[in-house]
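Indexing begins at 1, ligand by ligand and atom by atom, following the structure's order.
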Amino acid sequence: MQPQLLAVGELAAGQTLTVPVYRFIGSDPAAPSVYIQANVHGAEVQGNAVILQLLRYLRQYPPKGNVTLVPLANPLGINQKSGEFTLGRFDPITGENWNRQYLDNQLPLSHWLSEHQGYSDRELVAAYRQALIANLQTRLQSPWGVTTGQRLAYTLQLLATEADIALDLHTGPKSCRHLYCPEYQRHAAMQFSIPFTLFIPNLFGGAMDEAIFCPWWRLSDYLASCGRQFEIPVVAFTLELGEQELIDMAQAQQDAQGILAFLSVRGVIAEPLLPLEMPRYGTHLKNYRKFHAPQAGLVQYLVAPGSLVEQGDPLVRLLRLDLPESEQEQLLTAPEAGAAILHFASAAVQQGTELYKIMTQLTEIS
Ligand SMILES: [Zn+2]
């Protein structure tokens, strides 16, 4: 299958930047449509391998709904290198995170709904989606222009806004697999083959998943305040698939199977596939705590990502060769029980470096 190339920007010497777009046309117009992108952060390459596996599976299991796959979604990010490492998390010109530049796609709901009175839910969904798309196109064509990062983000967001299900594939630095899931879709945590889930509120912080579900969540909340029940018809998730700077095709096959099982549960593919059995844990985003280095030094990370820790368990061995012998090696311990989800990638850290991110107040999901 040949991808289409979508223009997302231009380099200084005039070369066009493009991303590959693979489209499967579904057999059932009533089935949900899907958008999956990977590698918006330059070093987070594993999602591309997952998309490669999905391309193979989807030829085997032709989808009922339309499926759009966009690997290599940030051609600037993946080429932002320093020595042998890929940076690609922040636009080097503005310093902004590449995944915080999506449009907060807000419509004036009271006014908009007054112009769409008498619409059925289905008609409302179609009209609202068109209005969101039109809003994005207007922003892209602003006479004042948009930034490099906004052009990329809004162009991807246009594709994602067409879909009922959007998945943004990322990785952590050194990380286990975990899921960002909107609170209104708590049950989805059981439908992915991912052991840890963060439940996120209806707040827009600039990320792709929020950019897709927030407008629909707001519409549903607004209608509820007017006494009308309206089920949120669109979902979006961020999947964190292991660590950066790593391609693992065997793991990518498992990741792709997990996504396929989710799509099967959601009626996108006909074959009955089940998510893996595993213990699953979750917590609210506000309980996702960062453990910062109390002082600088050289660091041995003692807890593998994905491990449960108790309060007081050693997390990090910190070396300080500039200090007296009694202070040259110390242990830093977990301030609270939880699951160590990811840790910093480097062994040399400044004071204040985010060493670990820990999900606290864990509950088992079943
Ligand atoms: Zn990322």
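Salt bridge status for R129 with D164: present, with a side-chain N to carboxylate O gap under 4.0 Å. Of the charged side-chain nitrogens involved, at least one lies within less than 4.0 Å of a carboxylate oxygen, so that R317 and E329 count as a salt-bridged pair.
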- [ ] Just do the side chain to side chain donor-acceptor pair (under 3.5 Å) check on Q37 and D168 with the steps written out, would you?
- [x] CA-CA 5 Å; Q37 70 176 22; D168 195 11; 2.9 Å; yes
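For the side chain to side chain contact (heavy atoms under 4.5 Å, CB included) with Y281, the lone residue among L308, T363, I365 that qualifies is L308.
A cation-pi arrangement is found for R186 relative to F199, the charged atom lying closer than 6.0 Å to the ring centre and inside a 45° cone about the ring normal.
L321 belongs to a hydrophobic cluster whose remaining members, ordered by chain and number, are L298, L319; membership requires side-chain heavy atoms of ILVMFWY residues under 4.5 Å apart, directly or through intermediates.
Near-neighbour remark for the Zn ion (ligand 1): protein N, O or S atoms under 2.8 Å are H41 ND1, E44 OE1, E44 OE2, H170 ND1; waters not counted.
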